[in-house]
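Note sheet for the following structure.
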Amino acid sequence: MSNPLNDAMDAAESEEETSEEKSKNEFDADEYLNKLGEGPKEQTVGFSVDEPMHRFYKELQSDDNIKFNVAESFREHLKKLARRHPETFERAMRKWEIDREY
């Protein structure tokens, strides 16, 4: 014969575990998206370009009439990609959290 009080306690305990598991598995991407690109720049991202692109880049940098920061533009583009691809961004941030722990 089952005890209704025990059954209720068991049900409440299993609901509590489920909600704890959910909160552990939930990822607040907005927290990271809002901070993306802020703070000191400690890492670099490099990519190859061909000679014409390199010459154009040099001209952009040396032209006083052009107020354009290539690195900042690239950072802004990565932010847009993070918003467009939230699953990939979440995976990257979870890996980063794990790396920070060790």
Side-chain angles (χ1 to χ4, degrees):
M1 183 170 176
S2 79
N3 182 335
L5 181 59
N6 287 345
D7 292 344
M9 295 294 280
D10 290 343
E13 187 176 302
S14 70
E15 285 177 17
E16 186 177 303
E17 288 174 0
T18 304
S19 65
E20 284 177 12
E21 288 173 8
K22 283 182 184 176
S23 66
K24 286 180 184 175
N25 291 332
E26 287 180 10
F27 180 79
D28 185 13
D30 288 334
E31 173 189 349
Y32 289 98
L33 284 168
N34 292 334
K35 294 179 182 177
L36 196 63
E38 293 180 357
K41 311 300 183 260
E42 301 166 342
Q43 300 287 323
T44 60
V45 177
F47 54 95
S48 299
V49 295
D50 58 12
E51 183 62 27
M53 178 103 41
H54 188 258
R55 287 182 186 269
F56 176 58
Y57 170 81
K58 289 291 189 187
E59 287 299 317
L60 281 174
Q61 295 295 83
S62 65
D63 192 331
D64 294 334
N65 297 322
I66 298 175
K67 305 295 180 215
F68 181 74
N69 184 330
V70 176
E72 188 60 37
S73 176
F74 192 65
R75 280 192 285 275
E76 290 301 317
H77 188 65
L78 284 175
K79 288 180 189 179
K80 289 176 187 174
L81 286 172
R83 286 178 174 29
R84 201 174 304 151
H85 302 284
E87 297 86 15
T88 304
F89 179 67
E90 177 182 340
R91 192 168 52 245
M93 293 302 99
R94 285 185 186 268
K95 287 179 181 179
W96 181 63
E97 285 178 346
I98 291 168
D99 286 346
R100 280 193 326 178
E101 288 180 18
Y102 296 102

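Linking ILVMFWY residues whenever their side-chain heavy atoms come closer than 4.5 Å, directly or via other members, places Y57 and F68 in the same cluster. If you chain together hydrophobic residues whose side chains sit under 4.5 Å apart, V70 and F47 never meet in one group. Under a hydrophobic-cluster definition in which Ile, Leu, Val, Met, Phe, Trp and Tyr are linked whenever side-chain heavy atoms come within less than 4.5 Å, directly or via other members, V45 and M53 are assigned to the same cluster. Both F74 and L81 belong to a single network of hydrophobic side chains, linked directly or stepwise wherever heavy atoms of I, L, V, M, F, W or Y lie under 4.5 Å apart.
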Candidate pair R94 and E90, rule salt bridge (Lys or Arg N to Asp or Glu O under 4.0 Å), full reasoning: CA-CA 6 Å; R94 285 185 186 268; E90 177 182 340; 2.9 Å; yes

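Atom OH of Y32 sits about 3.0 Å away from atom CD of E97, to the nearest 0.5 Å. In this structure, L78 CG and L36 CG are separated by 7.5 Å, a value rounded to the nearest 0.5 Å. Between atom NZ of residue K95 and atom CG of residue D99 there is a gap of 9.0 Å, rounded to the nearest 0.5 Å. One finds the CZ atom of R83 at 8.0 Å from the CZ atom of F89 (value rounded to the nearest 0.5 Å).
Within the 4.5 Å cutoff, the side chain of V49 has no heavy atoms near those of the F56 side chain. In this structure, E31 and M93 have side chains that are not in contact, with every pair of non-hydrogen atoms separated by 4.5 Å or more.
Around NZ of K41, the count of heavy atoms belonging to other residues, nucleotides or ligands within 6.0 Å exceeds 12. For R75, the CZ atom sits in a packed shell: over 12 heavy atoms of surrounding residues, nucleotides or ligands are nearer than 6.0 Å.
No salt bridge links E87 with R91; every basic N to acidic carboxylate O contact stays at or beyond 4.0 Å.
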